[in-house]
Amino acid sequence: MSEVRRFVVTATGDPAALLADLAEHAGLRATSSVVVERTFLDTADGRLAGADIVLELRRPADGVGAPSLVWIEDGRTVATSDLAHPEPPRFVGDLPAWPTGDRLAAVMEMRALVPGPTIMSRLTTLAALDREEKTTARVVVDASTLHGGAELPVRLELHELRGYAREADRLLKRLTDRHVLAPGDATAAAEARRLSGAPPFLRSKLRLSLDPTGSAAQAWRTVLQELTFIMTANFAGTIADTDSEFLHDFRVAVRRTRSVLQEGRSVLPPDSRQQFREGFKWLGDITTPQRDADVHLLDFPGLVATLPPERAEALEPLRELLVERQGACHEQLVTDLRSLRRAQLGRDWAEFIAGTQAWPADDGGEPGSDAPDAQRPAIVVAATRIHKAHQRLVRDGRTIDDTSPAVALHDLRKDAKRLRYLLECFGSLFPAADIATAVKPLKALQDTLGTFQDTEVQAHALEAMAEQLVDRGAPAATLLAMGAVIENVNARGVAARAEFATRFAAFDSGPVNGAYERLSEDAEAMS
Amino acid sequence: MKVLATYNIKGGVGKTATAVNLAYEAASRGNRVLVWDIDPQGAATFYFRIRPKVKGGGKALVSGRRDLDEVIKASDYDNLDVVPADFSMRNLDLLLEGSKKPLATLRRVLRSVKDDYDLVFLDCPPSISLASESVFRAADALLVPVIPTTLSIRTFEQLDRFVEENPEVVKDLDVIGFFSMVDRRKRLHRELLVELREARPDLLDELIPAVTDIERMGVHRQPVAAFSPGSRAARSYAALWDEISARLQSA
């Protein structure tokens with residue numbers, strides 16, 4: 001398809017003069033010129049921007065006419081639809097029924113679209129035509145102003161059309177002969193975000209680059225700071241219930257924090273460590289009911305899909321119950337997150353992270369903590385923790401066979417999580433290739449253990465909900481459909497159980513164990 | 001990627017207008033669409049204002065010396081590209097005869113663009129020949145415009161018979177017929193519409209009227225909806241595409 005080259009027109013002055021010049025000297029013909037208000041939509045973690053997709057809500061500047069939603073990918077308009085109502089779409093299900101909408105849905109997944117900055121733009125399209133009056137290249141000039149007045153640099157896009165590369169090259173030469181064009185890869189959406197001072201997109205992955213020779217105390221602090229950043233960034237979205245992933249990412253950061261505290265036995269002051277382990281356990285616990293309710297709702301379409309279409313409708317009372325429960329759980333969570341206890345935990349934690357009780361002050365000086373490993377090299381302490389966690393997972397995993405009770409696999413899942421968090425939080429101390437070899441089979445093992453436990457929990461929850469629906473007088477068709485769903489869920493659990501031995505063998509293998517050994521060797525070489 | 005061929009044994013029934021207008025409609029809804037003008041007359045190419053020339057000619061494509069994606073030209077419309085006609089395609093039968101698997105050739109040639117497009121429209125010349133058999137093999141569906149005249153119906157039946165009698169050629173092929181160039185002022189058209197709807201309930205509901213806007217495509221060199229959006233003809237093609245896409249989805 002067509003390629004788009006993006007430029008910023010430097011030293012332009014008046015956009016109107018630029019357009020006149022393009023028409024007169026570059027032989028371009030204006031084919032459209034519109035003034036529109038554009039609000040850029042993206043998920044809170046910038047999934048669309050990451051895929052070079054721009055989704056914008058356009059409203060005519062004169063307020064007359066319906067708003068439209070425009071999907072632009074790699075600079076090319078993929079689809080445009082007028083919207084029946086002025087509200088921007090939030091979830092995948094709210095998007096127009098675009099034939100290729102599955103691609104967009106795969107990028108967005110369960111995340112909500114959040115309105116970003118709004119700009120007022122004059123978009124002028126000019127065409128280079130051949131003798132047949134066929135368009136051989138297109139130029140779009142975008143002169144935009146942020147709400148509030150700041151002007152964006154005038155942007156010029158040269159749309160090279162497939163099969164007309166030479167014509168586009170010739171046009172570009174004519175343009176650069178007369179105008180100063182600086183390559184400007186950023187989309188208008190990105191430029192508007194930058195100029196409006198919008199906060200960066202959220203991220204759930206840790207961005208850490210720990211110093212292997214630095215002290216363990218310093219490394220622990222850096223990790224905890226990063227986790228605190230992620231918790232804070234997801235707090236408002238969790239309260240507002242913008243989408244399920246704010247709470248998910250908040251919870252993961254809480255669990256990682258608990259894990260880092262747990263692994264910091266010889267690094268952190270014991271009293272504080274104990275205090276915050278209890279505090280974050282409580283914080284994690286209060287988020288569990290809503291996360292469970294979110295997961296049920298997220299899984300619902302998948303559960304419905306396991307039934308023949310004619311039976312799927314019978315599950316509507318279950319969906320209503322799930323929505324109701326989710327609402328009630330969210331209400332309770334908001335109360336808990338706004339409680340004095342949560343506020344006190346937040347204050348104490350901020351003080352601990354910023355203070356000098358456990359680590360040296362930012363401007364240097366002596367460390368406050370006398371924990372035995374606090375001043376040892378971070379890589380040595382982290383390697384010891386990883387080694388122990390790995391040994392434990394291997395030891396416990398080897399005892400599991402086909403006759404082992406379910407609880408043995410659930411406990412093993414905890415071991416696996418512990419190791420995974422260590423690798424995620426302290427992995428940057430070690431060579432990336434060894435960490436990748438160590439993580440990949442661990443992740444696969446966790447997926448299997450996760451499916452096994454989750455399906456068990458889900459089946460029990462569905463059974464309990466079926467009883468509730470009986471009390472509410474749900475029709476027999478609903479209960480029969482739920483019975484079929486529970487059967488399917490249990491079948492997935494059985495399949496995961498059967499998969500365990502293969503997954504564990506892949507994890508407990510020579511090359512993977514070798515990678516774990518090398519992590520310890522790297523640490524020894526440093527010490 | 002779905003391959004749709006606008007086809008009729010008979011000429012002058014609105015094949016090219018169908019290919020161009022449906023392709024435009026599908027592209028405007030967000031599908032990535034390619035029109036391949038196989039007809040050496042090059043009417044679709046003309047409507048898109050593209051030079052009827054393929055580097056190396058049809059021979060280079062059929063022999064595999066050149067991939068289809070090397071000769072594609074963008075149209076003036078988003079999501080809509082064209083493989084222009086080439087006069088050498090008048091000898092497509094001969095070119096296919098020279099290839100190893102003539103029936104499978106067009107399907108093979110299209111393979112190089114299968115990830116780039118959601119829909120391909122093949123605008124075919126009128127005939128039953130080796131070239132059309134290769135089209136039948138490449139296509140998922142034939143879009144067959146039928147003028148409500150006795151002769152046109154007869155050719156539609158001929159096509160049906162061919163499809164029925166040659167399963168080894170057509171394999172999985174949906175034949176989708178619809179009325180084209182309908183002039184309700186003509187009594188014969190009105191009568192045949194009623195009669196044929198009863199005889200052939202599989203024909204699509206929407207019909208394409210014989211209106212000046214469609215004839216004027218040659219003057220504007222654009223799809224109807226590009227120069228006359230909201231016109232009767234444009235609305236008819238949009239409704240026809242609704243029906244066709246629903247049928248493709250249910251297939």
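Model, not experiment: these values are computed from the prediction.
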Minimum-distance pair of heavy atoms, taken over all atoms of A:T100 and B:G30:
OG1-O, 3.2 Å

Tell me, yes or no, whether the heavy-atom count around B:R232 atom CZ, taken from other residues, nucleotides or ligands under 6.0 Å, exceeds 12.
no

Heavy-atom pair of closest approach, residues B:S75 and A:L161
O-CD1, 4.1 Å

Chain B: which of A:P99, A:A97, A:G101 shares the most heavy-atom pairs with it under 4.5 Å?
A:P99

Reported CZ-to-NZ distance for the pair B:R221 and A:K134, which is rounded to 0.5 angstrom:
11.0 Å

Given heavy-atom pairs under 4.5 angstrom as the criterion, report whether the side chain, backbone, both or neither of B:Y77 touches chain A.
backbone

Does any backbone or side-chain atom of B:S245 lie under 4.5 Å from a heavy atom of chain A? Answer side chain, backbone, both or neither.
neither

Rounded to the nearest 0.5 Å, the CZ atom of B:R32 sits from the CZ atom of A:R103 at a distance of 5.0 Å

Please indicate whether B:Q41 has more than 12 foreign heavy atoms, meaning atoms of other residues, nucleotides or ligands, lying under 6.0 Å from its CD.
no

So with a 6.0 Å cut-off around CZ of B:R108, is the heavy-atom count from everything else above 12?
yes

What option among B:D69, B:D118, B:V82, B:L34 has the most heavy-atom pairs under 4.5 Å with chain A?
B:D69

Are any side-chain N or O atoms of A:R138 and backbone N or O atoms of B:D76, one a donor and one an acceptor, separated by less than 3.5 Å?
yes

B:R216 atom CZ, neighbour heavy-atom count above 12 within 6.0 Å
no

With a 3.5 Å distance limit and no angle check, can you tell me whether B:R49 reaches the backbone of A:E132 through a side-chain donor-acceptor pair?
yes

Is it the case that over 12 heavy atoms from other parts of the model lie below 6.0 angstrom from the CZ atom of B:F87?
no

Atom CD of A:E316: over 12 foreign heavy atoms under 6.0 Å
yes

